Protein chains: 2
Amino acid sequence: MTENTAAAGADSTTSAGPGAPAGTPRRLRADAQRNIDSLLQAAKAVFTTSGVDAPAKEIADQAGVGVGTLYRHFPQRSDLVKSVLQREIDACADAAPALAASHEPGAALTNWLHRYAELVASKPRLAKALHSGDPAFDELPGYFWQRFEPALASLLEAATASGEIRADINPKDLLYAIASLFVPMGDDGVAYSQRMVGLLIDGLRYGAEAGQSRC
Amino acid sequence: MTENTAAAGADSTTSAGPGAPAGTPRRLRADAQRNIDSLLQAAKAVFTTSGVDAPAKEIADQAGVGVGTLYRHFPQRSDLVKSVLQREIDACADAAPALAASHEPGAALTNWLHRYAELVASKPRLAKALHSGDPAFDELPGYFWQRFEPALASLLEAATASGEIRADINPKDLLYAIASLFVPMGDDGVAYSQRMVGLLIDGLRYGAEAGQSRC
DNA sequence: ATAGTTACCGGAAGAGCATTCCACTTCCGT
DNA sequence: ACGGAAGTGGAATGCTCTTCCGGTAACTAT
């Protein structure tokens, strides 16, 4: 994961923001950036163990900062949830080029798809919060596709070019199909869903040799 | 997903001693029953205006009782939510025979379907809480079908017998279809969904004269 | 009808969490 | 090294949930 993480503001980092209204080219101080990282890391851990409604102090303690610092960077709880998800999306999307560089195209693709499935599977509570109708999360689905579609597209392209994968696969469809497999599942069905995803990936291979399979 | 028809029997009368458990349903005192009614009515109102997370005191005040009384009858918040929903389901289901007695079969059917659609449409937040994975609500879907399927079945039967409605309609399918129309909608799309339901109901009529319409 | 026996009511008290505020600390440019 | 500004931490405040118990009103036996 690269250093992204604007807190609530959604700005900062490298871009000076030409479109921004004379706003904040001010770079974040080093300790502030460090604390934000700690908070996001702690929040991710606490969210998975104690749920998204965990006490703020628990997150602050785990990050080794005061609650004031938490509220400074994430005035609303939804800001924290949003940033955690964005960071996870980034981490997963950034893994695509890395895998492409270190594996055969076919292996890179399947590895990444499992990584993606893992991400989708491990966030049932976050996904619920996300679809709760809270307008604070409206931008997340867009970010999701914006990051994942190009990432998968390049992997697919490489695998197709090397002849390991058939050519009639649409990235968005595949992402959506895998995500759908996990929707109805609770905590138990994860293994089942993993098997289904494996089947799906095998299906990708099939067409490469046999031309076109059934629907 | 497979809905389970869980037995929703579970009455509030838990026999205390093994000595005389039979025949002592321990009737509720009159004022207690009155307060429970007030609480359910108030909870319904507050849930729709302030959401399911509204303060307990707000509900107690609106019901004209103390918070102690609320917690006596509904120790858990989910108990209150569950009871409110059951009461609404009951009210809607009980409206079916009443409509059948006071209207032509066709009118009774369409009136009831609109009533049902209204119920489904007005409870997005409650529905969310219901699907939140909390096992406290596991029995509710079963109760839903158990009450509504027979209610609609009798209305459909009468309307079919009088020739106003075609015969190839399955009660459960129709209930599910109407409920589905409201799923993706937020607060704005209610009007749209209502139009779709109207269309659906018109479709029921169509087949009665012309045989079989498009899907 | 009356007195006795409960079940039940109501709100005050205790505990926990979210959020704010500001004196103090740490960083960065000069 | 120094001064100013950005950033920090945690005490303080207010709100809410939940429990508890003295008082009250409803049933019951006579």
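What you see is a predicted model; the values in this text were computed from it and never measured. Computed from heavy atoms alone, side chains included, the values below leave out hydrogens, waters and symmetry copies. Reminder, nothing fancy here: chain letters follow the sequence lines and each chain counts from 1.
Nucleotides of DNA chain D nearest to B:Y71 and B:R29 differ in position, and the one nearer the 5' end is that of B:Y71. Comparing A:Q76 and A:D31 by the nucleotide of DNA chain C that holds the closest heavy atom to each, the one mapping nearer the 5' end is A:Q76.
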Solution key, residues 148-157 of chain B side-chain donor-acceptor pairs under 3.5 Å, sequence neighbours excluded:
from: B:S154; atom 1: OG; to: B:A151; atom 2: O; distance (Å): 3.0

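In this structure, B:V65 reaches the sugar-phosphate backbone alone: every heavy-atom distance under 4.0 Å involves primed, P, OP1 or OP2 atoms, never a base.
Atom CG in A:L28 sits roughly 18 Å away from atom P in D:dA5 (whole-Å rounding). With rounding to whole Å, B:R77 atom CZ is found 8 Å from D:dT18 atom P. Look at CG on A:N35: it is 17 Å from P on C:dT25, rounded to the nearest Å.
For B:T69, taking side-chain heavy atoms from C-beta onward, the closest of the listed nucleotides C:dA18, C:dC9, D:dG7 is C:dC9. In the set C:dC27, D:dG9, D:dG10, C:dC27 carries the atom at the smallest distance from any side-chain atom of A:R34. The side chain of B:A30 has D:dA26 as its nearest neighbour among D:dT18, D:dT8, D:dA26.
Look at B:D37 and B:R87 and you find a salt bridge, because one of the NZ, NE, NH1 or NH2 atoms lies within 4.0 Å of a carboxylate O, short of that distance. Under 4.0 Å is where a charged nitrogen must lie from a carboxylate oxygen, and between A:D53 and A:R77 no such pair does.
Of the residues in residues 53-62 of chain A, those lying under 4.0 Å from DNA chain C by heavy-atom distance are A:A54, A:P55, A:A56.
Between A:F137 and A:L85 there is no side-chain heavy-atom pair separated by less than 4.5 Å.
Counted within 6.0 Å of CD on A:E58, heavy atoms from surrounding residues, nucleotides or ligands total more than 12; the atom is thus considered enclosed.
Closest non-hydrogen pair, B:A108 versus B:L99, comes out as CB-O, 3.6 Å.
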